[in-house]
Asker: 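One structure is given below, represented as C-alpha cells, and several questions about it will come after.
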Amino acid sequence: MLKLGLVGCGSIAHTHVSNLKNVLRDGEVTAVYDVSTDAEKEIIDEFDLKATIYDSIHELVNSENVDAIMVCSRNDTHVEPVLEAINANKPVFVEKPLATTAEDCKKIIDAETKVGKKLVQVGFMRRFDPYYVELKDTIDSGEIGAPLMGYCRHFTCTPATQYFETPNMINDAFIHEIDIIHWLFNDQYESVQVQYGRPNGLNKLSKLKDPQVATLKLKNGALVNTYLTQNAEYGYDVMCQIMGEKGIAQLPDMPSLEIRKDGHISHSIDKDWTKRFVKAYQIELQTFIDEVSQNKTLTGPSTWDGYVAVVTADCAIQSQKDAQPVKISLDDEPDLYK
C-alpha cells in the first residue's frame, strides 16, 4: 500500500481522497498538512482517514510514514512541497499548475534534473481521459494523416467565482488546452494570440472580457483555435476536433439519455465540470500510484510540461493586453524529459 502525504485539503483534495477511498487501489492517505487546522480535521473526519496531522510541509515530506506526496494546495503554494519532495527523493503528484511563474518552474526542473530521474507528475487530467487518449492514438497511428489544424471549445456555465477576471480565462480554463494540444500534435509552440468576441451581455463580471478566442501556432505550422466563455448558460461543454491530411478526428458528444417528448428529441448536458472528467481524475492518480509502487518511470505530464504550460499561459495573457500574437520562447528541453 503506497503511503501518501497530502498537502492542501481543499475541494480538489476531497475529490482525490474520495477516489482513493472508494475507487482506487493500493494507495492511502497517511499524513495531512494544511495551513487551516479546520480543513485538516474536516477531510480526516469526512473520509475516516487514519492519518497523522503534521505541523509543517518539511515534517510531512520527510516522515517515514510517507512514500509519496500529493500537492493539492493553492496554486501559488506548490513550489515548496514539490521541491521538498524532490530533495527527499520522493515522488510527488502536484495539481496544475506546477507553479505560477516560469522562474519557479525552472527551479523545479533544476532540482529534478540534478536528481536525474522523473519524480513529478502534474495534474493535467485530460491526458488520462479515455476519449482524449483515443484521439491521441488515432492521430499517432496516421489514420487521418498529419494533423494540420484544430478547433477546441471550452465553455463553462458561470464563472467559478465572482472575482473571475480576464486573465483567469487563461490560467483557469485555457491552460488545459495549452497542455493537451502540444501533446496531441507532438510539437512545441511558436506563438499564441488571444482575441475578444462581441461582449456577452449576460456577463455580470466587470473585470472579465467574455468571450475570447485563443489561437496557438505550433512550430510545424499547425493552427488551433480555442473558443472560450464563462457564460455558456446551457451547460459545461468541451470539444476538440483535429483536421488531418486524410480526415478529421474529434471527441464525441458525451453520452446521455435521449428523450423524445412533445415533438422534440433532447439530450441533457451537465452543468458541473467535475462530472465530465470523473474517469480522468481516477485514472491519472491510479497511474501515479501504480508507477511509483512498481518503481517505474513516471509517464504522466512532467515538470517540463508544467513549464511549457506556464510560459505559454504568460504569453497568452500578454496577448490579451497587446491584442497581438506573442512569440513563445522556451529554454532547451533537458534530456530527462525527451
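The structure presented is a predicted model; accordingly, all values stated were derived computationally and were not measured.
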Asker: Please test F277 against F128 for ring pair (Phe, Tyr, Trp, His ring centres under 6.0 Å), starting from the C-alpha separation and ending with a verdict.
Answerer: CA-CA 9 Å; F277 291 107; F128 297 91; over 10 Å; no
Asker: Report, as yes or no, whether the 6.0 Å neighbourhood of atom OH on Y163 holds more than 12 heavy atoms from other residues, nucleotides or ligands.
Answerer: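 For Y163, atom OH is not crowded (no more than 12 foreign heavy atoms under 6.0 Å).
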Asker: Give me the atom names and distance for the closest heavy-atom approach of L20 to G27.
Answerer: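 Of all heavy-atom pairs spanning L20 and G27, the closest is CD2-O, 3.9 Å.
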Asker: Side chains of H78 and E95: any donor to acceptor distance under 3.5 Å?
Answerer: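 Note: E95 and H78 side chains miss the donor-acceptor criterion.
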Asker: Step by step, work out the salt bridge (charged side-chain N to carboxylate O under 4.0 Å, His left out) result for D110 and K107.
Answerer: CA-CA 5 Å; D110 289 344; K107 291 177 185 177; over 6 Å; no
Asker: Can you measure from NZ (K246) to CG (L148) and round to the nearest 0.5 angstrom?
Answerer: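 K246 NZ to L148 CG: 11.5 Å, rounded to 0.5 Å.
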Asker: Salt-bridge test for K338 and D335: reply yes if a basic N is under 4.0 Å from a carboxylate O, no otherwise.
Answerer: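 Salt bridge between K338 and D335, a charged N being under 4.0 Å from a carboxylate O: yes.
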Asker: Minimum heavy-atom separation for G306 to C105, with atom names?
Answerer: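 Scanning both residues, the minimum pair turns out to be O-SG, 4.1 Å.
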Asker: Using every non-hydrogen atom in the two residues, find where C72 and A13 come nearest and quote the distance to one decimal.
Answerer: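 Minimum heavy-atom separation between C72 and A13: CB-CB, 3.9 Å.
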Asker: For E134, look at atom CD and say whether over 12 heavy atoms of other residues, nucleotides or ligands are found less than 6.0 Å away.
Answerer: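 Atom CD in E134 is not packed in, count stays at 12 or less.
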Asker: Considering all heavy atoms of both residues, which atom of V192 and which atom of A316 are nearest to each other, and what is their separation?
Answerer: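 Heavy atoms of V192 and A316 come nearest at CG1-N, 3.6 Å.
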Asker: With the threshold set at 4.0 Å, does a side-chain nitrogen-carboxylate oxygen contact exist between R260 and D262?
Answerer: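 A salt bridge is absent here (no side-chain N lies under 4.0 Å from a carboxylate O).
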Asker: Here's one to test your reading of the geometry: is the NZ or CZ of K209 within 45 degrees of the ring axis of Y196 and under 6.0 Å from its centre?
Answerer: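 Yes, cation above the ring, under 6.0 Å and within 45°.
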Asker: Is it true that, when you exclude N295 itself, more than 12 heavy atoms of the residues, nucleotides or ligands shown sit nearer than 6.0 Å to its CG?
Answerer: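 No - once you tally the heavy atoms of other residues, nucleotides and ligands closer than 6.0 Å, there are 12 at most.
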Asker: Does E143 have more than 12 heavy atoms from other residues, nucleotides or ligands lying within 6.0 Å of its CD?
Answerer: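 Result for CD/E143: open.
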Asker: Taking atom CE of M149 as the centre, report whether more than 12 heavy atoms of other residues, nucleotides or ligands fall under 6.0 Å from it.
Answerer: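 No.
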Asker: Tell me whether L60 is reachable from L119 by hopping between hydrophobic residues (I, L, V, M, F, W, Y) whose side-chain heavy atoms are closer than 4.5 Å.
Answerer: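 Yes, L119 connects to L60 through the hydrophobic network.
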Asker: Can you name the side chain to side chain donor-acceptor pair (under 3.5 Å) partners of E112, sequence neighbours left out?
Answerer: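 By the side chain to side chain donor-acceptor pair (under 3.5 Å) rule, E112 matches T303, Y337.
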Asker: Using only heavy-atom distances, determine whether the side chains of Y54 and S63 contain a donor-acceptor pair under 3.5 Å.
Answerer: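 Yes - a donor-acceptor pair under 3.5 Å links their side chains.
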Asker: Indicate, with yes or no, if M169 and V194 share a hydrophobic cluster defined by side-chain heavy-atom contacts under 4.5 Å among Ile, Leu, Val, Met, Phe, Trp and Tyr.
Answerer: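 V194 and M169: one cluster.
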Asker: Between I69 and V82, is there shared hydrophobic-cluster membership here, with clusters defined by ILVMFWY side-chain heavy atoms closer than 4.5 Å?
Answerer: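 Result: yes, single cluster for both.
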Asker: Could you please spell out the steps behind the side-chain contact (heavy atoms from CB on, under 4.5 Å) verdict for L208 and N168?
Answerer: CA-CA 8 Å; L208 171 64; N168 292 120; over 6 Å; no
Asker: Taking all atoms of both residues into account, what is the closest heavy-atom pair of D26 and S293, and its distance?
Answerer: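 Here D26 and S293 meet closest at O-OG, 4.4 Å.
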Asker: With a 4.0 Å cut-off, would you call D129 and R276 a salt bridge?
Answerer: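 Yes.
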Asker: Begin from the C-alpha positions of V17 and K21 and carry the test side-chain contact (heavy atoms from CB on, under 4.5 Å) through to its verdict.
Answerer: CA-CA 6 Å; V17 174; K21 291 288 289 186; 4.3 Å; yes
Asker: Check this for me, if you would: do K90 and E84 make a salt bridge, where the nitrogen-to-carboxylate-oxygen distance has to be below 4.0 angstrom?
Answerer: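 Salt bridge between K90 and E84, a charged N being under 4.0 Å from a carboxylate O: no.
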Asker: Just wondering, more than 12 heavy atoms not from K219 lying within 6.0 Å of its NZ?
Answerer: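 Atom NZ in K219 is packed in, count exceeds 12.
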Asker: Step through the shown structure and confirm whether more than 12 heavy atoms of other residues, nucleotides or ligands are within 6.0 Å of CG on D253.
Answerer: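 It does not: D253 CG has 12 such atoms or fewer within range.
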Asker: Do any N or O atoms from the side chain of E245 and from the backbone of A146 form a donor-acceptor pair under 3.5 angstrom?
Answerer: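 Pair found, side chain donor or acceptor close to backbone of A146.
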Asker: Between atom NZ of K3 and atom CD of E64, what is the distance when rounded to the nearest 0.5 Å?
Answerer: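 Taking NZ in K3 and CD in E64, the distance rounds to 9.0 Å.
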Asker: Flag the pair K327 and E190 as a salt bridge only when some basic side-chain nitrogen lies within less than 4.0 angstrom of an acidic carboxylate oxygen.
Answerer: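 Between E190 and K327 there is a salt bridge, with a charged N closer than 4.0 Å to a carboxylate O.
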Asker: Which atom pair, heavy atoms only, marks the closest approach of F164 to P159?
Answerer: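 Minimum heavy-atom contact is CB-CB, 3.8 Å.
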Asker: May I ask you to check whether over 12 heavy atoms, not counting those of Y151, lie within 6.0 Å of atom OH?
Answerer: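 Atom OH in Y151 is crowded, with more than 12 foreign heavy atoms closer than 6.0 Å.
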Asker: Would you please test E59 and Y33 for side-chain contact (heavy atoms from CB on, under 4.5 Å) and show each step?
Answerer: CA-CA 9 Å; E59 289 178 342; Y33 170 79; over 6 Å; no
Asker: If the threshold is 4.0 Å, N to carboxylate O, is there a salt bridge linking D179 and K96?
Answerer: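 Here D179 does not pair with K96 in a salt bridge, since their nearest N and O are not under 4.0 Å apart.
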Asker: When you group the ILVMFWY residues by side-chain heavy-atom contacts below 4.5 Å and let the links chain together, are F174 and I317 in the same group?
Answerer: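 Yes: a chain of side-chain contacts under 4.5 Å links I317 to F174.
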Asker: Are any side-chain N or O atoms of Y189 and backbone N or O atoms of I178, one a donor and one an acceptor, separated by less than 3.5 Å?
Answerer: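 Side chain of Y189 to backbone of I178, a donor-acceptor pair under 3.5 Å: yes, one is there.
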Asker: Please check: side-chain N/O of K271 versus main-chain N/O of E233, any donor-acceptor pairing under 3.5 Å?
Answerer: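 Checking the backbone N and O of E233 against the side chain of K271, a donor-acceptor pair under 3.5 Å is found.
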Asker: Tell me yes or no: between the side chains of E291 and Q121, is some donor less than 3.5 Å from an acceptor?
Answerer: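 Short answer, no.
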Asker: Are V29 and Y281 joined in one hydrophobic group, where the rule is that I, L, V, M, F, W and Y side chains link up if heavy atoms are under 4.5 Å apart?
Answerer: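 They do not share one cluster, since no chain of ILVMFWY contacts under 4.5 Å joins V29 to Y281.
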Asker: Hey, are K296 and D290 close enough for a salt bridge, meaning a charged N less than 4.0 Å from a carboxylate O?
Answerer: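 So K296 does not pair with D290 through a salt bridge.
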Asker: Taking it one step at a time, do L205 and Q230 satisfy side-chain contact (heavy atoms from CB on, under 4.5 Å)?
Answerer: CA-CA 10 Å; L205 301 185; Q230 291 290 309; over 6 Å; no
Asker: Is there a side-chain contact between Q320 and Q212 (heavy atoms, below 4.5 Å)?
Answerer: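 Yes. Closest side-chain heavy atoms under 4.5 Å.
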Asker: Is there a donor-acceptor pair closer than 3.5 Å between any side-chain N or O of N200 and the backbone N or O of D210?
Answerer: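 Not a single qualifying donor-acceptor pair exists.
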